[in-house]
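This one's a predicted model, so the numbers in the text were calculated from it and none came from an experiment.
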Amino acid sequence: MKFARPRGTNDIFGEQAASWRRVENALAVYLRSCGYREIRTPIFESTELFVRAVGEATDIVTKEMYTFADRKGRSLTLRPENTAPVMRAYLENGLYRGGGVARFYYIGPMFRYDRPQAGRFRQFHQIGIEALGSGGPAIDAEIIDVSIGLYRVLGFPPLEVRLNSVGCAVCRSKFREVLTASLIGFKGGLCDSCRERMETNPLRIFDCKECSAVKEKLPVITDHLCGECSDHFIALQGILTSIGIRYVLDPLLVRGLDYYTRTAFEILHPFLGAQNALCGGGRYDGLAEDCGGPRIPAIGFSAGLERLMEVLPGESDAARHERETDVCFAVLDEASVARSLSLARELRDRGLSVVVDLSGRTIKKQLKGASDAGAALAVIVGLAELEPGTVALKKMKTGEQRPVRDVALIAETLKEMELTDE
RNA sequence: GUGGACGUAGCUCAGCUUGGUAGAGCCCUGGAUUGUGGUUCCAGUUGUCGCGGGUUCAAGUCCCGUCGUCCACCCCA
């Protein structure tokens, strides 16, 4: 084989594609019911958007973006995430002018140049929502509630929700000083990479798995929030509790994108292996300004579809066995092709899924094809023993077949389909 | 970017330790059934052993390189 798919990408087809379609449809219906409307933004954006929004020093920007120059030399990047593009579209189209909270959902492919691993791909798919225009803790609770519902509507058992507040720019810079001061005392107990992190990004030390002994003794961000951030976090927890949402406080939860402020959360799944976050999100109150717009508080989350599909609970038999093809035409000779196509079109107009076998294979193969496709009925066109203008209508389940005049085929087929479905 | 395992038929894999004419199941093809699928029986084809180089009389098997897959680190959804 000369060509193989690019590293870290997947072909999705057959029953798997059908399953993806069912899940995407179910989630779109659910998010619509929550008041979120779809937004479709370009697959690529100007590189500068992601550099500014996600953060110059982040892993995503420094080593994971698919960036290229177009024919006029403009630097473009395949979107590594979709919060920045949604914000860009929101600002560019003046969607904040109506006031109130704008609610969007999106679904589609994202691209990050990472080493592929279980649950991690170079092209992967996310479904996410963004609520722009409210800074209050109630919308944070709504977002978390909606994210939990995503898994509930798909039949997942209750999943673990991790919650933290990473503060605003003010409390974060103060905490960074406190943390760095504390780290000096523990320097000997840190691994090599964490010693580097002390200088570059001390907050990241909380992600390290080797230095857990030290981590437990370090100060945590939630003890060093400013008054407003602290009030917000406490209020959010109050709302979550009163609407019956269970969560685990995780002061070590850090988001990898620079735009996050205050609320940060993740939904975890126990069987996913190392990449166990099904969904992650948080507040990004500074992003609109960073993108050159007015100050607009906002919050959102995004969920990885590959990871979701990996642990999707078994779908109902009704969903899995839904017939893909209702009627297959077996065409015995070249002269019957046009007639078959014409009859098939009439059946399709009545809402049936109809496939005409144009392979020119033997009738044996064509009926086997009909059988493999799960068709309820086969229409055999071109049998020499039948009168002109007549086809054979065969019930696949029982094998019975009878001659039917072309003009009566639609009515007879619909009648058989009704009987079959009972 | 780092580490480990793996790469053989369309698919799932055995064969490699100890070098000697490439295998199984499924699928596919033909027949039993001379235009009629599913069950059964019989027969048959599965092939650049990832790619390149090396050692050897001889390499799927040993060695080196390379590409890819999976898993972990890292990062994140």
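- Residue A:Glu310 is classed as having no contact, given no heavy-atom separation below 4.0 Å to the nucleic acid.
- Two residues, A:Asn10 and A:Gly281, neighbour RNA chain B, and the one matched to the more 5' nucleotide by heavy-atom proximity is A:Asn10.
- Residue contacts for A:Ala277: at a heavy-atom cut-off of 4.0 Å it reaches the sugar-phosphate backbone alone, with no base atom in range.
- Using Watson-Crick or G-U wobble geometry with both donor-acceptor distances under 3.5 Å, B:G44 finds its partner in B:C28.
- The existence of a salt bridge linking A:Glu387 and A:Arg405 is confirmed by a sub-4.0 Å separation between a basic side-chain nitrogen and an acidic carboxylate oxygen.
- Side-chain proximity of A:Arg112 to B:C75, B:U29, B:C76: nearest is B:C76.
- With a 3.5 Å ceiling on both atom-pair distances, B:G19 lacks any Watson-Crick or G-U wobble partner.
- Side chain of A:Arg120 to backbone of A:Arg115: a donor-acceptor contact under 3.5 angstrom is found.
- Judged by distance alone, with hydrogens and angles left aside, the side-chain atoms of A:Tyr106 form no donor-acceptor pair with the main-chain N or O of A:Ser302 at under 3.5 Å.
- For B:G50 and B:U12, the P atoms lie 14 Å apart once the distance is rounded to whole Å.
- With B:G30, B:A77, B:C74 as the candidates, the nucleotide lying closest to the side chain of A:Gln126 is B:A77.
- On a pure distance criterion of 3.5 Å, a polar donor-acceptor pair joins the side chain of A:Arg115 and the base of B:U2.
- Nearest-nucleotide assignment on RNA chain B puts the 5′-proximal partner with A:Ala118, out of A:His125 and A:Ala118.
- Residue A:Ile380 is classed as a base contact, given a heavy-atom separation below 4.0 Å to a base.
- Donor-acceptor pairing under 3.5 Å, judged by distance alone, is present between the side chain of A:Gln117 and the base of B:C74.
- As rounded to whole Å, 12 Å separates atom P of B:U69 from atom CG of A:Asp11.
- Here the P atom of nucleotide B:A77 and the CD1 atom of A:Ile60 are 6 Å apart, to the nearest Å.
- Within the nucleic acid shown, A:Gly382 comes within 4.0 Å of at least one base atom, counting heavy atoms only.
- As rounded to whole Å, 11 Å separates atom C1' of B:A77 from atom OH of A:Tyr259.
- As rounded to the nearest Å, B:C13 and B:C75 have P atoms that lie 32 Å from one another.
- Within 4.0 Å (heavy atoms only), A:Phe121 reaches at least one base atom of the nucleic acid.
- In this structure B:C62 sits in a base pair with B:G54, meeting the Watson-Crick or G-U test at under 3.5 Å.
- Within 4.0 Å (heavy atoms only), A:Leu278 reaches sugar-phosphate atoms of the nucleic acid but no base atom.
- In this structure, B:A9 forms no base pair with any nucleotide, since neither Watson-Crick nor G-U wobble geometry is met with both distances under 3.5 Å.
- For B:G7 and B:U45, the P atoms lie 26 Å apart once the distance is rounded to whole Å.
- Residue A:Gly369 is classed as having no contact, given no heavy-atom separation below 4.0 Å to the nucleic acid.
- Taking 4.0 angstrom as the limit, A:Lys368 places a side-chain polar atom (N or O) nearer than this to OP1 or OP2 of B:C28.
- Looking at A:Arg120, its side chain has no donor and acceptor atom pair within 3.5 Å of the base of B:C70.
- As rounded to whole Å, 10 Å separates atom C1' of B:C73 from atom CD of A:Gln275.
- Separation of the C1' atoms belonging to B:G68 and B:A24 is 26 Å when rounded to the nearest angstrom.
- The nucleotide whose nearest atom lies closest to any side-chain atom of A:Arg7 is, among B:G68, B:U29, B:A77, B:G68.
- When the P atom of B:A77 is taken as reference, atom CG of A:Leu150 falls 15 Å away, rounded to whole Å.
- The cationic atom of A:Arg122 (NZ for Lys, CZ for Arg) lies less than 6.0 Å from the six-membered ring centre of A:Tyr113 and within 45° of the ring axis.
- A distance of about 32 Å separates the C1' atoms of B:G23 and B:U33, rounded to the whole Å.
- Between A:Asp372 atom CG and B:U36 atom P the separation is 17 Å, expressed in whole Å.
- B:G44 and B:C6 have their P atoms separated by 35 Å, with the value rounded to a whole Å.
- Straight-line distance between the P atoms of B:U39 and B:U29: roughly 14 Å, to the nearest whole Å.
- If you take CD1 of A:Ile107 and C1' of B:A77, they are 13 Å apart, rounded to a whole angstrom.
- Judged by Watson-Crick or G-U wobble contacts below 3.5 Å, the nucleotide B:G3 has B:C71 as its partner.
- Ion pair A:Glu412/A:Lys415 flagged as a salt bridge, since at least one NZ, NE, NH1 or NH2 atom sits closer than 4.0 Å to an Asp/Glu carboxylate oxygen.
- Of the nucleotides present, none pairs with B:U34 by Watson-Crick or G-U wobble criteria with both distances under 3.5 Å.
- The side chain of A:Lys395 contributes no N or O atom lying less than 4.0 Å from OP1 or OP2 of B:G37.
- Look at CE on A:Met65: it is 18 Å from P on B:C75, rounded to the nearest Å.
- On a pure distance criterion of 3.5 Å, a polar donor-acceptor pair joins the side chain of A:Lys394 and the base of B:U36.
- Nucleotides B:U46 and B:A22 place their C1' atoms 12 Å apart, quoted to the nearest Å.
- Counting any heavy atom pair closer than 4.0 Å across all strands shown, A:Ser302 reaches sugar-phosphate atoms only and no base atom.
- Residue A:Lys364 places at least one side-chain N or O under 4.0 Å from the OP1 or OP2 atom of B:G37.
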Only pairs under 3.5 Å count here: list side-chain donor-acceptor contacts from residues 40-48 of chain A, not counting sequence neighbours, and write none if there are none.
{"from": "A:Arg40", "atom 1": "NE", "to": "A:Glu38", "atom 2": "OE2", "distance (Å)": "3.2"}
{"from": "A:Thr41", "atom 1": "OG1", "to": "A:Asn82", "atom 2": "OD1", "distance (Å)": "3.2"}
{"from": "A:Glu45", "atom 1": "OE1", "to": "A:Arg88", "atom 2": "NH1", "distance (Å)": "3.0"}
{"from": "A:Glu45", "atom 1": "OE2", "to": "A:Arg88", "atom 2": "NH1", "distance (Å)": "2.5"}
{"from": "A:Thr47", "atom 1": "OG1", "to": "A:Ser75", "atom 2": "O", "distance (Å)": "3.1"}
{"from": "A:Thr47", "atom 1": "OG1", "to": "A:Ser75", "atom 2": "OG", "distance (Å)": "2.7"}
{"from": "A:Thr47", "atom 1": "OG1", "to": "A:Leu76", "atom 2": "N", "distance (Å)": "3.3"}
{"from": "A:Thr47", "atom 1": "OG1", "to": "A:Leu76", "atom 2": "O", "distance (Å)": "3.4"}
{"from": "A:Thr47", "atom 1": "OG1", "to": "A:Thr77", "atom 2": "OG1", "distance (Å)": "2.8"}

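- The pair A:Arg79-A:Glu81 does not count as a salt bridge, with every side-chain nitrogen at least 4.0 angstrom from each carboxylate oxygen.
- Between A:Glu416 and A:Arg402, at least one side-chain N (NZ, or NE/NH1/NH2) sits under 4.0 Å from a carboxylate O, which counts as a salt bridge.
- For a distance-only test at 3.5 Å, the side chain of A:Gln401 qualifies as a donor-acceptor partner of the base of B:U36.
- At distances below 3.5 Å, at least one donor-acceptor pair connects side-chain atoms of A:Asp333 with backbone N or O atoms of A:Ala335.
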